[in-house]
Asks: 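Got a structure here, written out as structure tokens. Questions coming.
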Amino acid sequence: MHPSQIINELAEDRELYFNAVSPPIVQTSNFAFKDFASLRGAFDDEMSTYLYSRGINPTVDILRQKLAALDEAEDCLVLNSGASAIFCAVMSNVQAGDHIISVHKPYTWAWKLFDNILPRYAVTTTYVDGTCIENFEAAIQPNTKVIYLESPNTLTFELQDLEAVAQLAKSKGIITIIDNSYCTPLFQKPHRLGIDLCLQSATKYIGGHSDTVGGVLTGSKAMIKQIFDREALNTGAFISPFNGWLLLRGLRTLPIRLKHISESTQKVLAFLKSHPNIEKVYFPFDPDFSQYKLAQKQMTGACGLLTIALKAESYEQIEAFAKSLKHFLLAVSWGGHESLIMPKCAGLCPEEFDASNQEHRLIRLYIGLEEADYLIEDLTHALARL
Ligand code: PLP
């Protein structure tokens with residue numbers, strides 16, 4: 001199905017809601033039944049009935065069908081955050097005594113799950129450099145149940161060869177999970193490459209306006225039903241009707257926002273690459289990127305986030321650079337309308353800063369919906385002050 005059809009038409013049955021063009025927010029916690037038999041039917045199959053909104057809700061269900069189709073997946077859950085999508089996907093596939101292989105430095109709340117919570121239930125994790133398939137192979141143990149991927153990650157954009165990892169995992173009966181937040185289903189289709197579960201933070205590009213937190217999890221009917229019946233219903237991880245509606249509204253403009261941001265990012269990239277105060281730029285669709293070929297093979301686009309290594313000699317210099325930017329907010333997250341800056345050293349005390357360590361001088365930029373020349377002018381001034 002064409003993405004335009006999915007985003008604009010799929011699952012929209014207007015006769016059910018007064019022919020309104022915009023689907024209503026069905027703001028109810030509860031649904032009533034006309035007789036015992038239909039209530040019993042809902043108990044038997046909560047996933048295909050409106051019983052209670054800590055399960056399936058009509059507004060969210062429209063979004064659910066669209067997001068499943070965009071990911072080319074059989075089914076989908078729309079959850080209240082990307083972190084809950086990570087939690088539900090992983091918890092559903094491990095039990096005491098199991099082992100996980102994860103890429104190095106996955107998103108913060110993924111490694112906190114692996115390091116802080118799962119060891120309490122006797123589940124261990126090995127981290128590998130995911131740029132090389134042999135590292136996954138070497139880390140497999142008889143009790144490995146899950147391979148956790150994030151391709152690309154959102155600081156230095158290391159990729160994994162998704163097809164190769166999926167093939168290896170399938171041959172050993174291991175479940176693969178990917179965080180696809182950077183690409184969204186428009187720029188990468190992990191299920192096509194054999195990945196079992198695909199998740200994303202909908203807070204980023206799907207929402208697109210920095211006003212909603214949400215998460216998406218897609219996979220086979222059987223895997224998604226298991227997660228629905230256990231982890232998601234038990235933790236109450238579903239998105240609310242209002243936030244689901246905001247994501248639906250955001251989704252309408254996803255293709256046009258990604259197109260605009262892709263074009264601006266390329267212009268900003270070209271400017272940054274030629275600037276004498278910048279040592280290195282990390283961006284997966286830069287021909288100089290170490291995994292550019294793989295990025296071109298498995299992604300159809302890249303945009304928004306890119307990272308620079310600033311030629312700075314001190315913590316204060318980086319702080320001054322961030323401060324002199326007028327159109328980039330100092331903030332975490334990304335995917336909204338506003339451009340952002342996130343210096344890696346903001347997580348350090350000034351005394352810990354080591355200028356000889358490039359990692360300390362990394363600054364992640366998010367290019368939002370502003371025009372590229374407006375942002376480049378801002379960067380020009382701030383860089384000149386260095
Ligand atoms: N995955 C990545 C790569 C992220 O950057 C984030 C949030 O920053 C998440 C997952 C978690 O998403 P959320 O903040 O919606 O819980």
Side-chain angles (χ1 to χ4, degrees), residues 60 63 67 71 76-91 102-117 127 130 148-160 162 177-188 190 195 197-218 231-232 235-240 242-244 246-247 250-251 254 258 261 282-284 299 302-307 329-336 338-344 346-347 362-368:
V60 178
L63 183 62
L67 291 169
D71 252 346
C76 166
L77 297 177
V78 191
L79 302 173
N80 53 20
S81 68
S84 60
I86 295 169
F87 188 86
C88 288
V90 173
M91 294 305 278
S102 166
V103 285
H104 263 315
K105 298 186 184 165
Y107 170 65
T108 316
W109 292 96
W111 69 252
K112 287 195 178 186
L113 171 62
F114 300 144
D115 286 7
N116 300 344
I117 297 182
Y127 294 97
Y148 185 86
L149 310 168
E150 187 180 322
S151 185
N153 72 32
T154 57
L155 182 66
T156 40
F157 311 107
E158 285 85 4
L159 312 177
Q160 299 95 57
L162 301 186
I177 303 174
I178 186 172
D179 184 334
N180 196 35
S181 300
Y182 181 89
C183 285
T184 84
L186 293 194
F187 285 168
Q188 185 162 261
I195 300 295
L197 285 170
C198 177
L199 64 92
Q200 60 180 312
S201 167
T203 315
K204 314 303 189 220
Y205 285 127
I206 305 284
H209 295 77
S210 303
D211 53 12
T212 322
V213 177
V216 183
L217 178 56
T218 60
E231 289 73 23
T235 55
F238 299 93
I239 199 150
S240 69
F242 180 61
N243 281 355
L246 283 174
L247 293 183
L251 186 64
L254 179 68
L258 291 194
I261 296 172
Y282 294 87
F283 182 64
M299 295 159 59
C303 70
L305 292 178
L306 48 81
T307 297
L329 300 176
L330 180 64
V332 297
S333 199
W334 43 279
E338 74 293 4
S339 290
L340 303 170
I341 177 170
M342 188 63 218
K344 179 85 173 131
L362 293 181
I363 301 178
R364 188 179 78 179
L365 301 178
Y366 167 66
I367 308 305

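Remember, it's 1-based here, ligands and their atoms both numbered in the order they're listed. Every heavy atom of this structure was used, including side-chain atoms; hydrogens, water molecules and symmetry mates were not.
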Asks: Looking only at distances, please establish whether an N/O atom of ligand 1 is found under 3.5 Å from an N/O atom of E150.
Replies: no

Asks: Rounded to the nearest 0.5 Å, what separation is found between the CD atom of Q188 and the CG atom of D71?
Replies: 10.0 Å

Asks: For ligand 1, is any non-hydrogen atom under 4.0 Å from W109's backbone (N, CA, C, O), its side chain (CB onward), both, or neither?
Replies: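 W109 to ligand 1: no contact under 4.0 Å from either part.
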
Asks: Under the ring-ring contact (aromatic ring centres under 6.0 Å, His included) rule, collect the residues that match up with Y366, sequence neighbours excluded.
Replies: none

Asks: Purely on distance, is any nitrogen or oxygen of T154 under 3.5 Å from one on ligand 1?
Replies: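 No, no N or O pair falls under 3.5 Å.
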
Asks: Within ligand 1, which atoms have a heavy atom of K204 less than 4.0 Å away?
Replies: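 What qualifies from ligand 1 is 4 (C), 5 (O), 6 (C), 7 (C), 8 (O), 14 (O).
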
Asks: Between the candidates Y107, W334, Y182, which shows the shortest non-hydrogen contact distance to atom 11 (C) of ligand 1?
Replies: Y107

Asks: Quick check for you: to the nearest 0.5 Å, what is the distance between I178 atom CD1 and L197 atom CG?
Replies: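 Reported to 0.5 Å precision, the distance equals 11.5 Å.
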
Asks: Test F238 against every option in N243, L77, V78 by the side-chain contact (heavy atoms from CB on, under 4.5 Å) rule and name the one that passes.
Replies: L77

Asks: Hey, does V213 come in under 3.5 Å of ligand 1, counting only N/O atoms on both sides?
Replies: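 No.
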
Asks: Test your reading of the structure: does S333 have an N or O sitting under 3.5 Å from an N or O of ligand 1?
Replies: no

Asks: Would you check whether G214 reaches within less than 4.0 Å of ligand 1, judged by its heavy atoms?
Replies: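 Yes.
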
Asks: Counting only heavy atoms, which portion of S181 has something under 4.0 Å from ligand 1: side chain, backbone, both, or neither?
Replies: side chain

Asks: Would G82 count as a polar contact of ligand 1, with the cut-off being nitrogen or oxygen pairs under 3.5 Å?
Replies: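 Yes - when backbone and side-chain N and O of G82 are compared with those of ligand 1, one distance drops under 3.5 Å.
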
Asks: Determine yes or no for a side-chain-to-main-chain donor-acceptor pair under 3.5 angstrom, with S339 supplying the side chain and G368 the backbone.
Replies: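 Here the side-chain-to-backbone pair exists.
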
